[in-house]
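What follows is a single structure, written as structure tokens, with notes after it.
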Amino acid sequence: MAYNFQSIEKKWQKTWEQKKAFQAKENSKKKKYYVLEMFPYPSGSGLHMGHAFNYIMGDVYARFMRMKGFNVLYAMGYDSFGLPAENAAIKAGIHPRKFTEDAIKNFIKQQKSLGLSYDWKRMLKTSDYDYYKWNQYLFLKFYERGLVYRKKSGVNFCSKCDTVLANEQVKNGRCWRHEDTEVEIKQLEQWFIKTTEYADELLDNIPKLDWPERIKTMQENWIGKSEGAEILFEVENTNNKISNVVIVHGSADDKNDKEYNKHWMIWIKKILEEKGIKVFAPNMPEPWGSTYMAWKKEFEKISNNINENSILIGHSRGTAFLVKWLGETGKKIKKLILVAPWKIADKKYKESFYDYKINDSVRSQVKDIVIFTSNDEEKDGKKSAKVFHDSLGGKLIELKDHGHYVLEDMGTKEFPELLNEISLTEKWPIFTTRPDTVFGVTFMVVSAQHSKLYEIVSAKQKKEVDEFLRKIRSTKQEDMDKLEKEGVFTGSYAINPMNNEKIPIYAGNFVVADYGSGMIMAVPAHDQRDFEFAKKYNLKIKEVISGGDIAKEAYTGAGKLINSKEFNDLDSEEAKEHIIKALEYKKLGKKTVQYKLRDWLVSRQRYWGTPIPMVYCAKCGIVPVPEKDLPVKLPEKVKFGKGNPLETDEKWVNVKCPKCGKLGRRETDTMDTFFDSSWYYLRYCDNKNKKKPFDKKKVDYWMPLDQYIGGAEHAVMHLIYARFFIKVLRDMKMLNVSEPFAKLFNQGMLHGEDGFVMSKSRGNVVLPEEISGKYGIDTARIFLMSMAFPDKDIQWSDSGIEGSYRFVKKFSEGVLSLKLGKSSNRLESKVNKTIKNVTEDIMEFRYNIAIIKLRQLYYFIEQSVEVSRKDLESFLKMLSIYAPHICEELWRKLENKKLISLADWPFADEGKIDANFEREEELVESLVNDLNNVKKFVENAKKAYAYIIPQDLGAYAGNFKEIEKRINLRLSIFAVNDSKKYDPQGKSKKAKPGKPGIYLE
RNA sequence: GCCGGGGUGCCGGAGUGGUCAAACGGGCAGCCUUUAAGCGGCUGUGGCUUAGUGCCUACGCAGGUUCGAACCCUGUCCCCGGCACCA
């Protein structure tokens, strides 16, 4: 039979379709098997050999499992939303829908020509309304469950995509689609999905998955769990929260007043100003004898500077007027500090001279009230403070060392208690895996990229910090890895909760801003990075774990605690627990777990995706679109060009609020397409369902996916999102499995002949249609599957395919001319052994090895005198999963009515496998070798003679022809004891078991 | 730096304790078939040696374990992929 592959391919592809050969049904008695390749993004350029490689791999498996008697679900769909279509639309002026539909048509055509056995009835496209409707449905369900939220935060923005990106889509600080584009951090309000809610389960299940090790490791790293402690450090000087401080006392600002120049208020003012806090100290009228009206005038002057972040400090005689005025204005402030309110308790002053009155509302105007008092009973200091305290509440602090007058006349002394109240230390949680080293903290480092950095930068240090940041920003991404640890002092200090030591805070380039709290406690003695930093800036290094030599390097190992007060001598592991307990007791820390995994940012500022079904209403806030109004369809007629076209489509954007009916605005963001691809495999199970995303029963029948095939590039994107989805859907009782993909196979990449990844721009793309036009797709399938293990990267080779073509041609032309009859025992042994091995190989994806064995089997069959129909058919069946068209044709020519694609996989009869035949082969092999070897020494040899000991005779006799062929000489075989043998040189004497004597002439 | 995978003949790529100078394919060479080309068949393809033998050198490099190592262990170099100062 001449091999006319083109007509054969067409014929059988058509037949499969007509006979609905590959349609999967739920009501089968067979065991189910669900196999898929990751569905593709239908790119405009169609599919090349690399895609084909992927699909053929899955098809071989699907065909195999089908023949093995499983009810196989194997389907194809298209991840048809996404940026490229939109960009193409902008460029070429085609609507993304048209662009996508065309691309899909082309894809389907190409895929069909590869002979893939998909159940096309189950095909889906994510850009269809009846698919993305369910995206919206699920989004809303997630929202109901509190898994969707909107948050303003620093997000990754790619200027080329013109949209934000999820964490997973940032590679080395660059966009996953644009290697040349650095991702910017923008502060934007975006939709997030709480993937972190499932971080633990996502991590814990990993070991149970039958996935490639490297993918599992990648996911583990990505989730990045580490256990440790959260410790609260008091951090001073959070100065953007205090916009100003108003100090109220007469003439504190009056430079001529020598007495007041020495006053503590001057010092406080100076210190605060150094920290960048604005201080107003109005020039008050002489309190003695002045009236409230006079004071009020002065207050009015600074009134505009007083706001919710202000701190007001009143001292002594000014206190009462201040409180009164505050009450009158109704202003809200952050804090009111009254220092030594004086003689208020005295009824005489109270009513006449000071016109004293505490407005009831003051309490609600002030967040925090602190009253300092002296311990001076005699001068009524305590008494007046009490009057204020009774009316206002708040904190009452008695200064033990200062009498009333002493306080007033403190001269050049600082007033630390007051400073403490003003600088208002904030508690920063920091994360550490080494709470045992907390006594060794000698400085803190906050990330230079931290959004709250400037809250702790003092005015004095601002310039230096600015400069440092400028330097960091100018560092290229490439140089980041070689970067030395650098930093700059922020001017602020923190308090170590364990020993109350005051430690400086630095801003550093080596601290990750969005991990933990973005600040670390630095233990230079026991962390290499901290050590390097400390050396560079000459900071203290305090050893707290014994066992290393900290003069040279940080000691990061375990050991006994030293310099750690009551925890000394504890083993470091043990100390962790104890220190955490101590911190918990003080409410200054706790045991925690940190993840690298971030919540999934799902909103995208682009058109070609699923609209997020939300409405913004001025009155009701964010209102989800009711289920009955789904889908929120994408408007078809929009203007592309600048930004997100949805934003400018007023007709679409303006919508009635579903709650109150007033005019609201639609959310114009669309969903990340990874949302679409997180559950498409569920929709295959029930792709026509109009009422639900999918029927639970059907999904429960098919899921989990038994074999998933796809590239490693999705290790931390699609594969994490999909796993997350399944867990949520399970908790929503929509299905019953916890993991979507039981087995995962990572195919290798097909490289072009030049060794590089196939890409259009490189021009090394091999198209399936080119190859199938020349050799037929069956040849291409065999070639692709036989190059190497399918999980390895392989290189296309134009000459390599010739070898596969030779084989396909050989058997396609040879099978029908074989003599059907009875297989020899030896052939039967070979066939059954091959069945056994090939079956095992395919199950383990050793496609290449399986093909080799099938080739060897065919060569063997070819040489046999005759072959049984059953054995020949076994061979064809096995080969059919690789070369379905030609095998279908030969099968039919062998007068089979059913399709070979639906035939039963051959069964290996192990009883027929006989190891003796292998010995026989070895004997033949050895004789051929010997004969050829001798042939080299005998010029013009015409004939060969072999003298064989009688018991070996059978082994050679059956292979006589093969031997002749292989030595390319005529051969005569004699038994050594044959008296009539021709043996001019007596070579028969050399014969041994397994080693005949030979003679050439 | 950490994690994962690798380094095998002219090339692609099997082999993971003896049966290995190493499957299978490609390339190349020789021979056969053929009027010729093509196709096909056979043989060869580390070195030396030999009437079918024997030896040496080889599986990144260097050591080790073992009666025996491409394969196990240790160290080292290089390549690929992932993460990347994760506290």
Side-chain angles (χ1 to χ4, degrees), chain A residues 171-173 212-222 224-226 228-229 430-435 437 445 447 480-485 508-523 526-530 532-533 556 594-597 712-713 715-716 746 748-749 753 755 782-783 786-789 791-804 806-807 809-810 813 846 848-849 851-856 918 922 926-938 941 944 946 962-969 985 987 990 995-1000:
Chain A
K171 307 267 167 215
N172 291 327
E213 242 5 87
R214 63 179 179 140
I215 302 291
K216 295 209 269 184
T217 323
M218 278 192 211
Q219 290 218 346
E220 273 167 10
N221 290 344
W222 192 260
K225 179 179 182 171
S226 39
I430 64 95
F431 176 73
T432 178
T433 53
R434 295 293 304 270
T437 62
V445 186
S447 169
M480 284 303 240
D481 48 349
K482 300 165 227 152
L483 213 60
E484 215 179 304
K485 286 158 193 55
N509 63 352
F510 68 101
V511 176
V512 177
D514 63 353
Y515 180 75
S517 62
M519 191 191 286
I520 58 151
M521 61 176 222
V523 187
H526 306 291
D527 182 286
Q528 192 54 35
R529 294 157 298 184
D530 302 346
E532 284 168 33
F533 194 83
T556 54
Q594 272 292 330
Y595 297 95
K596 282 198 247 178
L597 183 74
E713 66 272 20
V716 290
N746 253 172
M749 285 267 259
E753 193 145 40
I782 285 183
F783 176 60
S786 64
M787 294 195 66
F789 281 137
D791 56 349
K792 292 240 168 108
D793 288 353
I794 60 170
Q795 202 173 324
W796 179 263
S797 142
D798 283 335
S799 60
I801 195 165
E802 300 274 356
S804 300
R806 256 171 245 156
F807 172 59
K809 233 179 124 177
K810 188 185 233 187
E813 288 167 3
R846 292 192 296 256
N848 50 336
I849 307 289
I851 290 176
I852 288 168
K853 286 172 186 162
L854 288 172
R855 273 174 107 135
Q856 285 170 337
E918 272 171 47
E922 277 165 29
S926 155
L927 178 59
V928 168
N929 272 340
D930 287 348
L931 286 167
N932 275 318
N933 217 342
V934 174
K935 207 176 139 189
K936 281 194 286 187
F937 301 98
V938 181
E962 186 196 337
I963 297 169
E964 271 200 331
K965 194 169 159 194
R966 288 179 63 183
I967 59 173
N968 203 19
L969 284 176
Q985 290 190 6
K987 295 285 184 192
K990 290 185 95 173
K995 196 158 186 64
I998 53 179
Y999 173 66
L1000 268 69

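By convention in this document, chain letters (A, B, ...) are assigned in the order of the sequence lines, proteins followed by strands, and residues within each chain are numbered from 1.
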Whole angstrom is fine here: how far is it from [atom1] in [X] over to [atom2] in [N]?
X        : N      : atom1 : atom2 : answer
A:Asp514 : B:rA87 : CG    : P     : 14 Å
A:Asn221 : B:rC2  : CG    : P     : 13 Å
A:Met218 : B:rC83 : CE    : C1'   : 9 Å
A:Glu532 : B:rA87 : CD    : P     : 16 Å
A:Asn932 : B:rC42 : CG    : C1'   : 8 Å
A:Met749 : B:rG5  : CE    : C1'   : 15 Å
A:Arg214 : B:rG82 : CZ    : P     : 9 Å
A:Glu220 : B:rC3  : CD    : C1'   : 10 Å

Pick the [atom1] atom in [N] and in [M], then give their distance to the nearest Å.
N      : M      : atom1 : result
B:rG26 : B:rC42 : P     : 12 Å
B:rG25 : B:rC72 : C1'   : 31 Å
B:rG30 : B:rG81 : P     : 41 Å
B:rU43 : B:rG6  : C1'   : 35 Å
B:rU76 : B:rC67 : C1'   : 29 Å

From the options [options], select the nucleotide whose nearest atom is closest to the side chain of [X].
X        : options                : value
A:Tyr999 : B:rA87, B:rA51, B:rG40 : B:rA51
A:Val511 : B:rA87, B:rU50, B:rA51 : B:rA87
A:Asn933 : B:rA14, B:rU50, B:rA87 : B:rU50
A:Phe937 : B:rC83, B:rA87, B:rA51 : B:rA51
A:Phe431 : B:rA87, B:rG82, B:rG41 : B:rA87
A:Asp527 : B:rG40, B:rU50, B:rA87 : B:rA87
A:Thr217 : B:rA87, B:rG44, B:rC3  : B:rC3

Side-chain N or O of A:Arg966 less than 4.0 angstrom from OP1 or OP2 on B:rU43?
yes
Would you say A:Lys990 places a side-chain N or O within less than 4.0 Å of OP1 or OP2 belonging to B:rA51?
no
Can you tell me the base-pairing partner of [N]? Count Watson-Crick or G-U wobble geometry only, both distances below 3.5 Å, and say none if there is no partner.
N      : value
B:rG4  : B:rC80
B:rG44 : B:rC28
B:rU35 : none

Could you check whether A:Pro996 gets within reach of a base, just the sugar-phosphate, or nothing at all, counting any heavy atom under 4.0 Å?
base
The salt bridge (charged side-chain N to carboxylate O under 4.0 Å, His left out) partners of A:Lys936 (sequence neighbours excluded) come to none
Would you please name every residue forming a salt bridge (charged side-chain N to carboxylate O under 4.0 Å, His left out) with A:Lys225, sequence neighbours left out?
A:Asp200
Restricting to ring pair (Phe, Tyr, Trp, His ring centres under 6.0 Å), what partner residues turn up for [X], sequence neighbours left out?
X        : value
A:Tyr595 : none
A:Tyr515 : none
A:Phe783 : A:Trp796

Nucleic acid footprint by protein, nucleotides 22-34 of chain B - heavy-atom cut-off 4.0 Å, B for base, S for sugar-phosphate alone:
-BSSSS---SS--
Using only modelled atom types and a 3.5 angstrom limit, is any donor from either the side chain of A:Lys965 or the base of B:rC42 paired with an acceptor on the other?
no
